[in-house]
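Both ligands and their constituent atoms are indexed starting at 1 by order of listing. Just the heavy atoms: all of them, side chains too, but no hydrogens, waters or symmetry mates, feed the values below. FYI, the numbering just counts along the sequence from 1.
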Amino acid sequence: MGLRRSLYKTPAQLRAMVEPGQITAAMLDAVRALVAPGVTTGELDAAAAAVVAERGAESNFQLVRGYRHTTCISVNDQVVHGIPGSRVLEPGDIVSIDAGAQFKGWNGDSAITLVVPGGPSPVAAARQRLSEVTEGSLWAGIAALASAGRVGEIGDAVQGYIERAADADGAEYGILRDYVGHGIGRRMHEGPTVFNYRVADLGPAVRPGLCLAIEPMVTSGSDATFVEDDDWTVTTVDGSDGAHWEHSVAVHEGGIWVLTAADGGAAGLAPFGVVPVAIA
Ligand code: MG
Ligand code: MG
């Protein structure tokens, strides 16, 4: 027997993916309710950790070598992998929260971006739009998965959505190239790679049993980033803002189901004419 894990899970394994996804969603709900001026990113992380404990789950972020927190929280020009701590949120900040949980050996992974209420309106409005465009591109990618033959069709849909939004807004949006989505299951990060942009090699076939974390990371400028001196935080070189949205999604015999959305993705997929189907 080889060590290589199949990309395609059995129906029983897909059912086991539901609960960690819902715990991850509950973590982000708890954080969302707290985001306000004056709150520290460490307090947001503690709220997510409390949900993990209440639900009898484990923090899968703490299973990543060298990482000690339950979430990553990235503010303004930070795009992903920000470390929660003493930073105090200010009105109009754009804040991305990435969270995950492992339950009975299976994993969830999801991220949201919020704008802290009360900011100066032009800046806050542009940041809100960046978040909406990024979230829209995530749903476009998930919708594409519903009818895709190959995994690479997701990135084509994400990039196409971002390009149309940039044209409509007369704005520049950058899609990070150095960071990608991934398969998810027994481990938070598994194959295959899920690109957020068009690639020549469309990768593996989309078939029942595939579970993917799709996670566009988008800036309001260039896609160039650097890693800060803390060895984690990914920040834009040009100082533009970043947004990050992510869901874990299962493909099964009946269709697709967004594991990290309380409604399975019904609301987010509706504009694309896709109806999620619960895992039987
Ligand atoms: Mg994540
Ligand atoms: Mg992920």
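Between Glu163 and Arg198 there is a salt bridge, since a side-chain N of the basic residue sits under 4.0 Å from a carboxylate O of the acidic one. Taking a cutoff of 4.0 Å between a charged side-chain nitrogen and a carboxylate oxygen, Arg177 and Asp223 do not qualify as a salt bridge. Using a 4.0 Å cut-off between a side-chain N of Lys or Arg and a carboxylate O of Asp or Glu, Glu190 and Lys9 qualify as a salt bridge.
Counting only protein N, O or S atoms, the number found under 2.8 Å from the Mg ion (ligand 1) is 4.
For the residue pair His244/Thr113, the side-chain donor-acceptor check at 3.5 Å is not satisfied. Defined by atom type and a distance below 3.5 Å, a donor-acceptor pair is present between the side-chain atoms of Asn107 and Asn60.
Annotation: Tyr67 is in aromatic contact with Trp232 [ring centroid separation under 6.0 Å].
Among the atoms of His189, no N, O or S atom falls under 2.8 Å of the Mg ion (ligand 2).
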